[in-house]
Amino acid sequence: MTILLKKLKKARGFTLVELMIVVVIIGILASLAIYGVNKYIASSKSAEARLGIGAISKGAVTAFEGETMAGSLLAVNTSVGSSRGLCAQSSISSAGVPTAVPAGKIQLASEAWQESTTTDTGKGFSCVKFSMVGPQYYMYRYLSTGGATDGATYSAVANGDLDTDGITSTFSLQGQISTGTLLVAPAVTEVNPSE
């Protein structure tokens, strides 16, 4: 008889309290997983902005470091000086592409990145050689005081609204000419990066 009672006690199963504890633990783990996945998705989407402004900044540095010279003929035994300078901003690069912060993802035509007037030719995005051909989450701007003098600056800026709540995120990278050298910020400035 005692053997039968021992077998019944072993086969009795879980109590309601034990099951509720398991349900609570699973609920906590699920909420942590959802938070982690949402943060991971926002981080992967904001990588577009970091890469975009990095490419704009790289283009600005390349344009600065590239020597430009006058295209006219030189007389025998004469020389011409080379000059370096920042790309000037254009009306398109200062307004941004697209012209408003997208709520979600947007696909633009390649013409959206092209300068529209002859006075803007060779400035802005065409000078830093930047455009996007695929869908994008962010509006991009290139702002510059232009020129080669000390104190001249540029900024590569991306603004977006990943969760479409009206609060925008801003990513920026700046550079400034100092004693003839272009100094670039060592890190991207981020404001509300997961918005």
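Please read all numbers here as calculations on a predicted model, not as lab measurements.
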*Going by heavy atoms in the side chains, are Pro102 and Tyr137 under 4.5 Å from each other?*
no
*Answer yes or no: is there a donor N or O on one side and an acceptor on the other, between the side chain of Trp113 and the main chain of Met132, under 3.5 Å?*
yes
*Assess the pair Phe130 and Tyr140: is the distance between their ring centroids shorter than 6.0 Å?*
yes
*Same cluster for Val101 and Leu108 if Ile/Leu/Val/Met/Phe/Trp/Tyr side chains link at under 4.5 Å?*
no
*State which residues pass ring pair (Phe, Tyr, Trp, His ring centres under 6.0 Å) with Tyr154; sequence neighbours excluded, sorted by chain then number.*
none
*asked:* I want to check something: taking the side chain as every heavy atom from C-beta on, are Thr170 and Asn192 in contact at a cut-off of under 4.5 Å?
replied: no
*asked:* For Ser93 and Ser90, which I'm curious about, is there any donor-acceptor pair between the side chains at under 3.5 Å?
replied: yes
*Gln136 and Ile106: side chain to side chain contact (heavy atoms under 4.5 Å, CB included), yes or no, with the steps?*
CA-CA 5 Å; Gln136 64 192 65; Ile106 188 170; 3.7 Å; yes
*Any disulfide bond (SG atoms under 2.5 Å apart) involving residues 110-192? Give me the pairs, sequence neighbours left out, ordered by first then second residue.*
Cys87-Cys127
*Start with the C-alpha gap between Asn159 and Thr168, add the side-chain angles, then the distance that decides, and say whether side-chain hydrogen bond (donor to acceptor under 3.5 Å, both in side chains) holds.*
CA-CA 6 Å; Asn159 298 100; Thr168 60; 5.0 Å; no
*asked:* Do Ile56 and Met139 land in one hydrophobic cluster if side-chain heavy atoms of ILVMFWY residues count as linked below 4.5 Å?
replied: no
*Does the side chain of Val157 come within less than 4.5 Å of Tyr142's, by heavy atoms?*
no
_Val184 reachable from Leu143 in the ILVMFWY side-chain graph, under 4.5 Å edges_ = no
*Determine, for Glu115 against Lys123, whether the closest basic-nitrogen to carboxylate-oxygen distance falls under 4.0 angstrom.*
no
*Listed partners of Arg50 passing salt bridge (Lys or Arg N to Asp or Glu O under 4.0 Å), at least two apart*: Glu190
*Which pair of heavy atoms, one from Leu86 and one from Phe64, lies closest together, and at what distance?*
N-CD1, 4.0 Å
*Does the side chain of Gln114 reach to within under 4.5 Å of the side chain of Ile92, using non-hydrogen atoms?*
no
*Side-chain heavy-atom pair Phe125, Ser131 within 4.5 angstrom cut-off*: no
_Taking every non-hydrogen atom, the tightest pair across Leu183 and Ser178_ = CD1-CB, 3.6 Å
*For Leu162, the option from Lys45, Glu48, Lys105 that meets side-chain contact (heavy atoms from CB on, under 4.5 Å)*: Lys45
*Measure the shortest side-chain to side-chain distance between Tyr138 and Ile53 over non-hydrogen atoms and say whether it is less than 4.5 angstrom.*
no
